[in-house]
There are 2 protein chains.
Amino acid sequence: MNDRPTIFGKGDCSDCPIRDRAVCARCEPDELARLDGFKFYRKYAPGEAIIWAGDSLDFVASVVSGVVTLTQTMEDGRRQMVGLLLASDFIGRPNRKSIAYDATATTEVTLCCFRRSPFQDMMDSTPHLSQRLLEMTLDELDAAREWMLILGRKTAREKIASFLSILARRATGALGEVPGKDMTFDLPLTREAMADYLGLTLETVSRQMSALKRDKIILLEGKRRILVPDFDRLLGETGDDADGGVLV
Amino acid sequence: MNDRPTIFGKGDCSDCPIRDRAVCARCEPDELARLDGFKFYRKYAPGEAIIWAGDSLDFVASVVSGVVTLTQTMEDGRRQMVGLLLASDFIGRPNRKSIAYDATATTEVTLCCFRRSPFQDMMDSTPHLSQRLLEMTLDELDAAREWMLILGRKTAREKIASFLSILARRATGALGEVPGKDMTFDLPLTREAMADYLGLTLETVSRQMSALKRDKIILLEGKRRILVPDFDRLLGETGDDADGGVLV
DNA sequence: ATGCCGCATTGATGTGGATCAAAATGGCGG
DNA sequence: CCGCCATTTTGATCCACATCAATGCGGCAT
């Protein structure tokens, strides 16, 4: 956002979302990057597993496009989503080889990957990198804490409204728009995945979606495209403070 | 833990918990430190507010002793705890003047504070610092995600058991012990605060504590001291996988 | 001792969301 | 166009936890 220099800023990396987040390292054209083995792209199909909890991961990555979920599963099958990663979000962590959650592509996903060990070397030599990662992680932590309020204290209807407003904000925010009237966005998750996000059952999610539709808070175009005629009215259903509310 | 050099490593900072986390800066004796205005200590009484959401905070700090909670409150009074900070945890964040949660001392608390602006300068000049903060923040994020599973998917009994095992682990872990038989630790929270942690009512917390006591999973010495005769049996009540389970 | 007050426990009842079950929708391959 | 299968919707019933309401307990000031 604020104009940091790209670290080794030569070449074109217009396709790399972490460029403007001061993380991107060597933005040579794709082919060359793949040759030097440091930066490479990887695609996943909808439903495909990226990693299972406990597996080791030899790269860190940035989401170029698509939606990745992080979930935890209990022995008896109860599942809770703990991360929802969209374009420009970061996967994996320096200094940990294995990760504690299942990561799954829920749409077609493209990752921009960096091999772990050169990435870690780079963190030592370029201080901006760990500062930038710190900032991104703090944002994740804020999101997790907002999520905890949703999980712990909100009603089913408030949970759904909160989830939709978060998605709406991210969808339009990425376009630099301000949420207002007649927002439209895609719902990249099944009812079941929404249930796992919100700590509900898929039946309850479905019922509450129907209720919001009945009350004209949202309109559905097909099952997976949402139209919000009045964003403030949606916000009114979240239970959050009227003022601002976006955690900053 | 691995032996990093202290940044300006002169003087004694045996009282400073962030020393061995490579964050501590100028560990001159207390008096001198207070003079140069960079590092200073501050005490809070039980129940005292440290900051309210939205206030600006001109320092970052490390918890020296005591327990600090971060909570979010909805307009109608519903409350959710989103952070529980014990000795050596970090409060505040670089690059954000205001914070989004209420921070409250639930016991007598001592903070080791660093003025924001010199702290930020130090982050630029000492790369280890932001790397160490990144690592601490990632740990917080893992804890938040484990917490999300608790809030979203566990039963009241499992929530209580999970909370107690987390506390037990931190209490004994700080002493370098391995959790086993006959662990004893203090419960630094009221039933109401536990309810805010777990997304329950205080009555349900009380009932489930009684149930665990009845089933001999825990013993109470007074209301605020817990004895766990068999840690594995407590773990068995959490619903977590038997193996390991500690998120790393 | 005595009474007060904040905290904790216990009991009786209500309800939001889970669970169990069935029917509707819609995409897709043949 | 048809039939299949995954997904979603809707309905009926149940139960874990919330809510409302006493009662108990321990510290502490008088």
Side-chain angles (χ1 to χ4, degrees), chain A residues 45-48 74 76-80 104 106-108 150-164 186-215 218-226 237 239, chain B residues 45-48 69 74 76-80 104 106-107 150-164 186-215 218-226 237 239:
Chain A
E48 191 178 349
M74 299 172 65
D76 61 4
R78 279 176 282 173
R79 250 192 308 163
Q80 176 63 50
T104 312
T106 62
T107 63
E108 175 148 301
I150 291 172
L151 288 171
R153 293 301 188 192
K154 292 194 177 180
T155 65
R157 170 180 263 244
E158 288 169 342
K159 284 179 175 184
I160 300 285
S162 300
F163 172 71
L164 292 177
D186 279 322
L187 200 55
L189 266 49
T190 64
R191 298 292 123 112
E192 190 181 21
M194 288 176 64
D196 287 341
Y197 186 109
L198 296 169
L200 298 169
T201 60
L202 65 94
E203 293 95 330
T204 299
V205 170
S206 183
R207 271 185 252 273
Q208 297 297 337
M209 290 288 288
S210 300
L212 290 177
K213 193 171 57 176
R214 185 175 358 92
D215 298 344
I218 59 172
L219 305 178
L220 293 184
E221 300 174 4
K223 307 253 167 230
R224 294 296 191 83
R225 191 155 185 82
I226 307 278
E237 298 291 335
Chain B
E48 191 177 352
T69 62
M74 298 171 66
D76 61 4
R78 279 176 282 173
R79 250 190 312 161
Q80 176 63 50
T104 312
T106 62
T107 62
I150 292 172
L151 289 171
R153 294 302 188 191
K154 292 194 177 180
T155 66
R157 170 181 264 245
E158 289 169 341
K159 285 179 174 182
I160 300 285
S162 299
F163 171 71
L164 292 177
D186 279 321
L187 200 56
L189 266 49
T190 64
R191 298 292 123 112
E192 189 181 22
M194 287 176 65
D196 288 341
Y197 185 108
L198 296 169
L200 298 169
T201 59
L202 66 93
E203 293 95 332
T204 299
V205 170
S206 184
R207 272 186 251 274
Q208 296 298 336
M209 290 287 289
S210 300
L212 289 177
K213 192 170 58 174
R214 185 171 1 91
D215 299 344
I218 58 172
L219 306 178
L220 294 185
E221 298 174 4
K223 307 254 165 227
R224 294 296 192 83
R225 192 154 184 84
I226 306 277
E237 298 291 335

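Proteins get letters first, then strands, A, B, ... in listed order; numbering begins at 1 in each.
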Under 4.0 Å, counting only non-hydrogen atoms across every strand here, what does [X] touch: a base, just sugar-phosphate, or nothing?
| X | value |
| --- | --- |
| A:Thr201 | base |
| A:Gly199 | sugar-phosphate |
| A:Ser206 | base |

Any donor-acceptor pair, under 3.5 Å, between the side chain of A:Glu203 and the base of C:dC20, if you only look at N and O atoms?
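Per atom types, the contact qualifies.
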
Should the side chain of B:Arg207 and the base of C:dG11 be counted as holding a donor-acceptor pair, with the cut-off at 3.5 Å?
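Donor-acceptor pair under 3.5 Å: yes.
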
Between [atom2] of [N] and [atom1] of [X], the distance in whole Å:
| X | N | atom1 | atom2 | value |
| --- | --- | --- | --- | --- |
| A:Lys213 | C:dT25 | NZ | P | 11 Å |
| B:Leu202 | C:dT10 | CG | P | 13 Å |
| B:Leu187 | C:dA8 | CG | C1' | 12 Å |
| A:Arg78 | C:dG17 | CZ | P | 18 Å |
| A:Glu192 | C:dT19 | CD | P | 13 Å |
| A:Arg157 | C:dG16 | CZ | C1' | 14 Å |
| A:Lys223 | D:dC5 | NZ | P | 20 Å |
| A:Gln208 | C:dA18 | CD | P | 10 Å |

Treating [X] as the side-chain partner and [Y] as the backbone partner, does any N or O pair qualify as donor plus acceptor under 3.5 Å?
| X | Y | value |
| --- | --- | --- |
| A:Glu48 | A:Thr104 | no |
| B:Ser206 | B:Leu202 | no |
| A:Arg78 | B:Arg153 | yes |

Between A:Thr204 and C:dA18, does any side-chain N or O lie under 4.0 Å from OP1 or OP2?
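For A:Thr204, the contact criterion (side-chain N or O under 4.0 Å from OP1 or OP2 of C:dA18) is met.
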
Establish, with yes or no, whether the OP1 or OP2 oxygen of D:dT10 is under 4.0 angstrom from a side-chain nitrogen or oxygen of A:Ser210.
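Indeed, a polar side-chain atom of A:Ser210 lies that close.
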
Could you check whether any side-chain heavy atom of A:Glu237 comes within less than 4.5 Å of a side-chain heavy atom of A:Leu164, counting everything from C-beta outward?
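No. Closest side-chain heavy atoms not under 4.5 Å.
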
CZ/A:Arg79 to CE/A:Met74 distance, rounded to the nearest 0.5 angstrom?
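Here the rounded value is 13.5 Å.
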
Residue B:Arg191, side-chain heavy atoms: nucleotide from D:dC17, D:dT9, C:dT9 that is nearest:
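My answer, after comparing the listed nucleotides, is C:dT9.
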
Would you mind telling me which residue lines up with the more 5' stretch of DNA chain D, A:Arg224 or B:Leu200, judged by nearest nucleotide?
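Comparing both residues, the 5'-ward one is A:Arg224.
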
